[in-house]
Amino acid sequence: NLFDITLQPHNPLPYKLLPNRAIAVLMVSGHTTWQSPNQPSQLAQLGDLVVIQNPTADVIFLKALGGPTPVHLVMIDVPISVDYPFFA
């Protein structure tokens, strides 16, 4: 799944990362934090690529930071492993 997301300042977006899935997020503009249970929050800014893997179901919170401008990011949600070859 591919998502093109715009976050308004100080407006958190919860995202449920299902078991055995990973997300990769490319920051297109702005600053954001990531927070998931039992982990410290992480800061991401323009040009950063963040990868989060999840062996169990978790809800991850994205939150735009700094200033009145929205945050723009592109996120892809993929399985950690599959039972078929990627290339034939």
Side-chain angles (χ1 to χ4, degrees):
N1 298 325
L2 178 66
F3 303 94
D4 184 350
I5 299 171
T6 300
L7 293 175
Q8 296 304 317
H10 309 290
N11 193 9
L13 170 73
Y15 182 78
K16 184 170 185 175
L17 185 56
L18 298 176
N20 299 311
R21 306 280 300 178
I23 56 172
V25 180
L26 176 63
M27 295 298 304
V28 178
S29 67
H31 296 80
T32 190
T33 59
W34 298 90
Q35 184 137 27
S36 59
N38 304 320
Q39 294 184 14
S41 63
Q42 301 173 28
L43 177 65
Q45 57 189 0
L46 174 66
D48 285 350
L49 178 66
V50 177
V51 177
I52 299 173
Q53 295 185 22
N54 194 25
T56 61
D58 241 345
V59 175
I60 294 169
F61 291 92
L62 309 168
K63 186 174 181 181
L65 296 177
T69 59
V71 170
H72 184 200
L73 52 94
V74 176
M75 180 171 72
I76 186 170
D77 182 335
V78 296
I80 293 173
S81 63
V82 294
D83 59 356
Y84 55 87
F86 281 114
F87 300 100

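No hydrogens, no waters, no symmetry mates; every other heavy atom, side chains included, goes into these values.
Shown here are the side chain to side chain contact (heavy atoms under 4.5 Å, CB included) partners of Ile76, two or more places apart in sequence or in another chain: Leu2, Ala24, Val78. With sequence neighbours left out, the side-chain hydrogen bond (donor to acceptor under 3.5 Å, both in side chains) criterion links Asp48 to no other residue. With sequence neighbours left out, the side chain to side chain contact (heavy atoms under 4.5 Å, CB included) criterion links Thr6 to Gln8, Pro70, His72.
Asp4 CG to Leu26 CG: the interatomic distance, rounded to the nearest 0.5 Å, is 10.5 Å. Rounding to the nearest 0.5 Å places CG of Leu73 at 5.0 Å from CD1 of Ile5. In this structure, CE on Met75 lies 8.5 Å from CD1 on Ile60, to the nearest 0.5 angstrom.
Nearest heavy atom pair, residue Met27 against residue Gln45, reads CB-O, 3.2 Å. For the pair Leu17 and Arg21, the tightest heavy-atom approach, listed with the atom from each and the gap, is CD1-CB, 3.8 Å. Smallest separation of non-hydrogen atoms from Val59 and Pro14: CG1-CB, 3.9 Å.
Between Phe3 and Ile23 there is no side-chain heavy-atom pair separated by less than 4.5 Å.
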